[in-house]
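This report refers to the structure that appears directly beneath it.
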Amino acid sequence: MDRRMFMGALAGATVTAPSILRAQQLFRSYPFSLGVAAGDPAPDGFVIWTRLAPEPLEPHGGMPLWPVPVEWQVATDANFRNVVAKGEAIAHPETAHSVHVEIAGLQSSRPYWYRFSVGAEHSPYGTARTTPPLGAKLDRLRLGVVGCQNYEHGWFTAYRHIAEEPDLDFIFHYGDYIYEGRGNPMTFGAGHKVQSYVRSHVGEECFSLDDYRRRYAQYKSDLDLQAAHASCAWWVVFDDHEVQDNYAGLTDKHLTPPELFAFRRAAAYQAWYEHTPVRAASIPRGPDVQLYRRARYGDLVDMHFLDTRQFRTDQPCDDGDKPYCPGIDDPKAQMMGLPEEAWLAKGLRGGARWNGVAQQVMMMPVNRREGDEKEPRYNVDSWAGYNAPRERVLESMKGLGNVVVLTGDEHQNWVGELRQKEGKGDAVAVEFVVTSIASDGDGSDTRPGMDDVMAENPFLKLYNYQRGYALCEVTPDTWQTQLRVLDKVTVRDMPIRTRATVTVPHGRPELHIA
Ligand code: FE
Ligand code: CA
């Protein structure tokens with residue numbers, strides 16, 4: 001059977017005996033080295049994902065450059081005695097031999113197990129829950145919040161722990177799944193906190209599709225991360241480092257011509273898609289991708305997953321931590337763009353008991369002035385640099401009393417109220433800024449200067465500078481968030497503990513901290 005006949009057989013979407021034999025001969029080593037994942041669950045199914053990469057860091061993951069059929073199974077038990085759906089998908093070289101299968105026809109509100117195989121090789125299995133029927137009465141939802149996983153800064157121990165948390169309906173990843181920078185086995189941090197890298201990125205800064213593919217392959221080789229993916233379905237968005245530090249729309253920090261930066265964004269988004277369990281609706285078209293989307297968990301929670309990178313205008317004040325400049329008040333500035341803003345405002349009135357707004361950068365306009373600094377100082381990459389869009393979004397939340405914003409990016413835990421009028425007006429929602437999995441390495445409960453920041457911003461209620469994740473348990477009456485933290489990420493196998501439990505009563509944007 002020559003190559004053309006082989007591919008012709010695959011195009012017919014039936015696995016012929018010769019193609020299976022051929023597949024068995026493909027691999028020098030285990031092809032499921034990047035694990036499995038599930039995502040974007042619905043009442044009748046979810047996406048299941050894997051990528052064939054027998055040599056993850058080699059070009060094309062060590063795969064030959066032709067399409068390969070992959071068999072998949074979904075069962076109601078972890079032993080796969082009762083398989084309720086199965087089929088085959090083609091892993092194409094165009095998408096790095098990744099496989100995204102949109103499973104449908106399943107029962108709502110129940111767990112399933114899934115796995116893949118090629119020839120004699122079998123993947124590990126993963127599990128995921130379908131969501132409740134639309135509008136159905138739901139008494140409880142449990143979710144995890146994770147992100148900012150700099151591979152060089154620390155071990156992913158937090159992922160090992162979240163994989164063992166019982167009964168999670170899903171994990172939300174707020175972005176910085178990879179960091180694009182070059183491998184640098186030196187030290188990082190400054191002043192009181194210089195640390196050594198625990199491991200090093202392979203390669204230079206990512207620009208090309210192959211660069212980003214290899215970076216994802218390196219990150220996804222981490223077994224703790226794989227365990228967290230296998231433990232439940234994820235809802236994934238991206239932030240800046242999936243492309244480049246603090247890019248805004250088609251503007252980057254080197255002022256690359258936008259039409260050229262678009263090539264880099266397209267490469268980065270393609271690699272993101274190839275390694276993320278999302279639906280075909282999120283296949284990139286060049287430098288564009290449909291990222292923002294919504295999930296409905298019965299009558300209890302509507303989750304709104306935002307995109308604050310693709311459509312934003314450039315940061316004011318030349319980006320960074322900056323004193324006030326007039327650009328912060330630019331009425332034409334955009335964080336999401338008007339279509340997404342309208343989509344969110346409408347979705348917030350969808351009638352669910354709670355609204356979860358799951359997004360990337362801090363919405364609270366924190367003034368970071370410390371010590372004897374004279375001027376207020378803002379992180380203008382966050383919503384603090386975009387006053388007009390933030391005030392519009394807060395206006396759309398006014399009167400609801402059921403909005404909880406889940407955020408990342410800061411590499412620290414910050415819990416506070418979202419108050420209108422630049423933080424000086426009435427609270428309309430609450431925000432949990434959730435710390436990093438690994439980025440910034442070992443932390444500490446607090447750090448110098450934070451007393452000043454807390455005093456300066458009365459809407460802030462809790463601060464912590466350790467690594468970890470958040471767990472949310474939502475019932476009709478309360479939204480309870482536990483901040484789970486580790487003392488070190490430069491040492492393996494550290495235990496996890498609850499730093500604080502924060503309760504939000506339904507109907508009032510208040511934070512009760514225990
Ligand atoms: Fe980050
Ligand atoms: Ca970020």
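Indexing begins at 1, ligand by ligand and atom by atom, following the structure's order.
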| query | Can a cation-pi geometry be assigned to Arg293 and Trp235, taking NZ or CZ under 6.0 Å from the six-membered ring centre and within 45° of the ring axis? | reply | no
| How wide is the angle at the Ca ion (ligand 2) between OD2 in Asp239 and OD2 in Asp176, to the nearest 10°? | 120°
| said: Under 2.8 Å from the Fe ion (ligand 1) - does any N, O or S atom of Cys148 fall there? | reply: yes
| message | For the residue pair Arg467 and Tyr465, would you count it as a cation-pi contact if the rule is NZ or CZ under 6.0 angstrom from the ring centre and within 45 degrees of the ring axis? | response | yes
| field | Contact check: Tyr179 to the Fe ion (ligand 1), N/O/S below 2.8 Å | value | yes
| field | Atom of Asp409 nearest the Ca ion (ligand 2) (restricted to N/O/S, atom name only) | value | OD1
| query | Which atom, among the N/O/S set of Asp240, is closest to the Ca ion (ligand 2)? | reply | OD1
| task | Can you establish whether the number of heavy atoms outside Asp329 located under 6.0 Å from its atom CG is more than 12? | result | yes
| note | Of all the N, O or S atoms in Asp176, the one nearest to the Fe ion (ligand 1) is OD2
| Any luck finding a side-chain donor-acceptor pair between Arg447 and Gln412 under 3.5 Å? | yes
| With a distance cut-off below 6.0 Å to the six-membered ring centre and an angular limit of 45° from the axis, does Lys220 pair with Trp272 as a cation-pi contact? | no
